[in-house]
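This report refers to the structure that appears directly beneath it.
Atoms considered below: every heavy atom in the structure, side chains included; atoms not considered: hydrogens, waters and symmetry mates.
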Amino acid sequence: MKITIACVGKIKESFYRDAVSEYEKRLGKYADLKIREVQDEKTADSMSDNEVKKLLEKEEERLQKVIPEDSFKIALCIDGMSKDSVQFADFMEELNLHGNSHITFVIGGSLGLSDRLIKSCDAKLSFSAMTFPHQLMRVILLEQIYRSFRIRHHEPYHK
């Protein structure tokens, strides 16, 4: 299975980089993982709706360049479907069984994803009603992908 994570911004904190690196190593046993980072836009404390829209459109343009067209695209956003870890593992297995051998997860920057990009995705996924920093979300996503493979292969980890 191929997994691409298309995300806005670079991880600056070493503890996040270390966690990402660890999960990349662990996932190597199960999937061909690629993380594609695009530059984030600078945000101001107070931005008009129009400024936010333009910022998200710029980030969308960059993301579209790194999202493989032949992949099943999943936008990470608060109003997406919510699954527990076993349901997520089953979801990943179902995608694979239905010929979706390449999955792309799309993580926005500090202001999220543009509406147009979200609509262009095949599914929306939410990990919580809470908002997480996009750097931490990358770690959480990688951990859950790894957990899903362990569950699917009946290997200890998920308890």
Side-chain angles (χ1 to χ4, degrees), residues 1-43 52 55-93 95-96 100-152 157-158:
M1 174 176 266
K2 290 183 183 179
I3 296 175
T4 300
I5 298 176
C7 45
V8 175
K10 294 198 178 295
I11 294 183
K12 296 170 183 77
E13 294 85 357
S14 62
F15 56 90
Y16 287 140
R17 281 196 312 269
D18 291 346
V20 167
S21 179
E22 179 63 27
Y23 284 111
E24 284 179 306
K25 185 171 52 176
R26 290 181 186 192
L27 280 164
K29 175 180 175 183
Y30 303 102
D32 176 12
L33 174 69
K34 301 227 180 328
I35 298 177
R36 302 289 187 230
E37 297 175 332
V38 301
Q39 180 183 343
D40 56 344
E41 288 291 311
K42 301 274 187 231
T43 59
V52 169
L55 179 145
L56 291 175
E57 286 172 354
K58 286 179 184 177
E59 291 178 346
E60 173 193 346
E61 286 176 30
R62 292 181 191 129
L63 282 167
Q64 291 289 13
K65 291 177 184 174
V66 300
I67 296 172
E69 287 186 32
D70 65 336
S71 65
F72 186 91
K73 298 157 204 64
I74 303 171
L76 271 58
C77 47
I78 287 177
D79 66 338
M81 61 183 159
S82 181
K83 298 188 174 296
D84 66 26
S85 295
V86 173
Q87 290 169 332
F88 181 65
D90 291 344
F91 174 67
M92 296 285 285
E93 180 69 15
L95 289 176
N96 196 31
N100 297 298
S101 60
H102 191 172
I103 300 169
T104 298
F105 294 92
V106 186
I107 303 173
S110 60
L111 298 178
L113 296 167
S114 71
D115 288 339
R116 184 172 57 200
L117 180 55
I118 292 169
K119 288 177 185 163
S120 75
C121 289
D122 301 297
K124 298 187 300 184
L125 182 64
S126 174
F127 280 86
S128 173
M130 295 179 186
T131 301
F132 297 107
H134 55 284
Q135 298 94 334
L136 178 58
M137 193 62 241
R138 196 178 315 179
V139 175
I140 293 170
L141 173 63
L142 286 167
E143 191 278 335
Q144 285 298 303
I145 293 170
Y146 175 68
R147 185 181 296 264
S148 77
F149 279 109
R150 299 291 293 193
I151 292 169
R152 289 165 53 194
Y157 178 76
H158 68 286

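A salt bridge (Lys or Arg N to Asp or Glu O under 4.0 Å) check over residues 111-125, counting only residues at least two apart or in different chains, returns the pairs Glu60-Arg116, Asp79-Lys124. Every pair passing salt bridge (Lys or Arg N to Asp or Glu O under 4.0 Å) that includes a residue from residues 13-30 is listed here, sequence neighbours excluded: Glu22-Lys25, Glu22-Arg26, Lys29-Glu155. Within the structure, the salt bridge (Lys or Arg N to Asp or Glu O under 4.0 Å) test picks out no pair touching residues 125-136 (sequence neighbours left out). Under the salt bridge (Lys or Arg N to Asp or Glu O under 4.0 Å) criterion, the residue pairs touching residues 61-76 are Glu41-Arg62, with sequence neighbours excluded.
For the atom pair Leu95 CG and Ile74 CD1, the distance stands at 5.5 Å (nearest 0.5 Å). Here the NZ atom belonging to Lys2 is positioned 10.0 Å from the OG1 atom belonging to Thr104, to the nearest 0.5 angstrom. Ile145 CD1 to Tyr23 OH: the interatomic distance, rounded to the nearest 0.5 Å, is 11.5 Å. For the atom pair CG (Leu55) and OG (Ser110), the distance works out to 7.0 Å, reported to the nearest 0.5 Å. The CG atom of Asp40 lies 9.5 Å from the NZ atom of Lys10; values are rounded to the nearest 0.5 Å. Atom-to-atom distance recorded for Ile107:CD1 and Leu76:CG is 5.5 Å, nearest 0.5 angstrom.
Residues meeting the salt bridge (Lys or Arg N to Asp or Glu O under 4.0 Å) test with Arg152, sequence neighbours left out: Glu93. With sequence neighbours left out, the salt bridge (Lys or Arg N to Asp or Glu O under 4.0 Å) criterion links Lys34 to Asp32. Taking the ring pair (Phe, Tyr, Trp, His ring centres under 6.0 Å) definition, one finds that Phe149 meets it with Tyr30, sequence neighbours left out. Every side chain to side chain donor-acceptor pair (under 3.5 Å) that Thr4 has, sequence neighbours left out, goes to His102. With sequence neighbours excluded, no residue satisfies side-chain contact (heavy atoms from CB on, under 4.5 Å) with Ser82.
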Exercise. For the pair Gln144 and Ser85, evaluate side chain to side chain contact (heavy atoms under 4.5 Å, CB included) and give the outcome as yes or no after the intermediate values.
Key: CA-CA 7 Å; Gln144 285 298 303; Ser85 295; 2.8 Å; yes
Exercise. Show your reasoning for whether side chain to side chain contact (heavy atoms under 4.5 Å, CB included) applies to Phe88 and Ile151.
Key: CA-CA 10 Å; Phe88 181 65; Ile151 292 169; over 6 Å; no
Quiz item: Where do Ile3 and Leu27 land on the side chain to side chain contact (heavy atoms under 4.5 Å, CB included) test, with the steps shown first?
Solution: CA-CA 10 Å; Ile3 296 175; Leu27 280 164; 5.6 Å; no
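Residues Ile103 and Met1 come closest through the heavy atom pair CD1-CE, 3.7 Å. Leu56 and Gly112 make their closest contact through CD2-O, 3.4 Å (heavy atoms, listed as atom of the first residue, atom of the second, distance). For Ala6 against Ile67, the heavy-atom pair with the smallest separation is CB-CG1, 3.8 Å. Among all heavy-atom pairs drawn from Cys77 and Ser126, the shortest one is O-CB, 3.2 Å.
Looking only at side-chain heavy atoms (C-beta outward), Val38 and Glu59 stay at 4.5 Å or farther from each other.
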With a 3.5 Å cut-off and sequence neighbours excluded, list the donor-acceptor pairs that the side chains of residues 132-139 form with protein atoms.
residue, atom, partner, partner atom, Å
Arg138, NH1, Glu37, OE2, 2.6
Arg138, NH2, Gly9, O, 2.9

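Atom NZ of Lys58 has 12 or fewer heavy atoms from other residues, nucleotides or ligands within 6.0 Å.
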